[in-house]
Amino acid sequence: MLAERIGSSQLAELAAQGASLSGSLHAADLPRVHAVLARGAPDGTLAARVDFSGGPESFPVVAIEVQGVLPLVCQRCLGAVAWPVNVAVTLTAVPGEAATQELADPFDSVLLDSDGTLHLRDAVEDEILATLPLAPLHADRRDCRAGAVAGESAAAAQVHRPFADLGTLLGRGGSRDGH
Ligand SMILES: [Zn+2]
């Protein structure tokens, strides 16, 4: 399990050492991700890796990679669609909004708490949510549940296709910048 939060002194230490953390993430522990998953489908488990380093602006840099598959709800048939998750983003951890002005790319940043704590799992969850489609659909209309009616429970949903078939649809992953 990936750490939920990292205190300021530990963050500084991890960045100075260029340390890495890795662990699994269960969708059940990511409430905002869990809320958009298909009911009754097996919950997704994601593999996460976080690499810490010191940034050019002297703020800690957190490189986040997350991979796995989540059962999203197809907006055509309300069945589960196995959606590949592939996050790769590099964030600069800054102590406040003002500090983002000092960054070359203020959008690739994560705000620390007033006491310098990094809410790591929240940051990872934000990045996962940012990559999920607003209206996921089965790649092939024939994979939609036969006779599905809007509003019907998706409890009986089956995952019809391996995610590899859907990977080509995604022509995008997280952004990776050059820090
Ligand atoms: Zn469908």
Side-chain angles (χ1 to χ4, degrees), residues 1-6 20-51 61-93 105-111 118-179:
M1 177 66 69
L2 201 65
E4 190 172 350
R5 56 177 72 91
I6 292 175
S20 299
L21 296 179
S22 58
S24 58
L25 280 170
H26 304 288
D29 295 315
L30 303 170
R32 291 173 292 149
V33 166
H34 194 246
V36 302
L37 300 186
R39 306 272 172 256
D43 256 3
T45 298
L46 304 169
R49 178 189 165 95
V50 183
D51 292 305
V61 169
V62 184
I64 296 171
E65 285 187 45
V66 183
Q67 265 137 22
V69 178
L70 291 174
L72 300 187
V73 180
C74 171
Q75 296 303 298
R76 195 157 47 211
C77 70
L78 302 183
V81 50
W83 203 269
V85 172
N86 192 1
V87 171
V89 64
T90 302
L91 303 174
T92 304
D105 189 349
F107 297 105
D108 288 333
S109 61
V110 57
L111 279 183
L118 170 65
H119 289 265
L120 181 61
R121 215 185 293 166
D122 274 349
V124 169
E125 186 171 22
D126 284 342
E127 296 303 326
I128 294 169
L129 286 168
T131 67
L132 298 183
L134 287 173
L137 295 172
H138 282 109
D140 188 330
R141 184 180 277 272
R142 287 169 294 186
D143 288 336
C144 285
R145 290 190 299 157
V149 177
E152 183 185 336
S153 162
Q158 297 290 321
V159 173
H160 299 285
R161 290 170 78 100
F163 72 87
D165 290 342
L166 293 167
T168 51
L169 267 191
L170 269 180
R172 66 198 176 91
S175 62
R176 180 184 285 285
D177 63 20
H179 283 311

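When reading the values below, keep in mind they use all heavy atoms of this one structure, side chains included, and skip hydrogens, waters and symmetry mates. Read the numbers this way: they start at 1 and go in the same order the structure lists the ligands and their atoms.
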Identified side-chain contact (heavy atoms from CB on, under 4.5 Å) counterpart of L91 within the set I64, L111, V124, L118
I64
Nearest heavy-atom pair of L72 and P133: which atoms, and what distance?
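Shortest heavy-atom contact: CD1-CD, 3.8 Å.
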For Q67, the side-chain contact (heavy atoms from CB on, under 4.5 Å) test, sequence neighbours excluded, returns E65, N86
Applying side-chain contact (heavy atoms from CB on, under 4.5 Å), name anything that partners S22, two or more places apart in sequence or on another chain.
R49
Measure the spacing between CD of E125 and CD of E4 and express it to the nearest 0.5 Å.
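Rounded to the nearest 0.5 Å, the CD-CD separation comes out at 10.5 Å.
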Name all residues meeting the salt bridge (charged side-chain N to carboxylate O under 4.0 Å, His left out) criterion together with R142; count only those two or more places apart in sequence or in a different chain, and write none if there are none.
D140
How about the Zn ion (ligand 1), which protein N, O or S atoms come within less than 2.8 Å?
C74 SG, C77 SG, H138 ND1, C144 SG
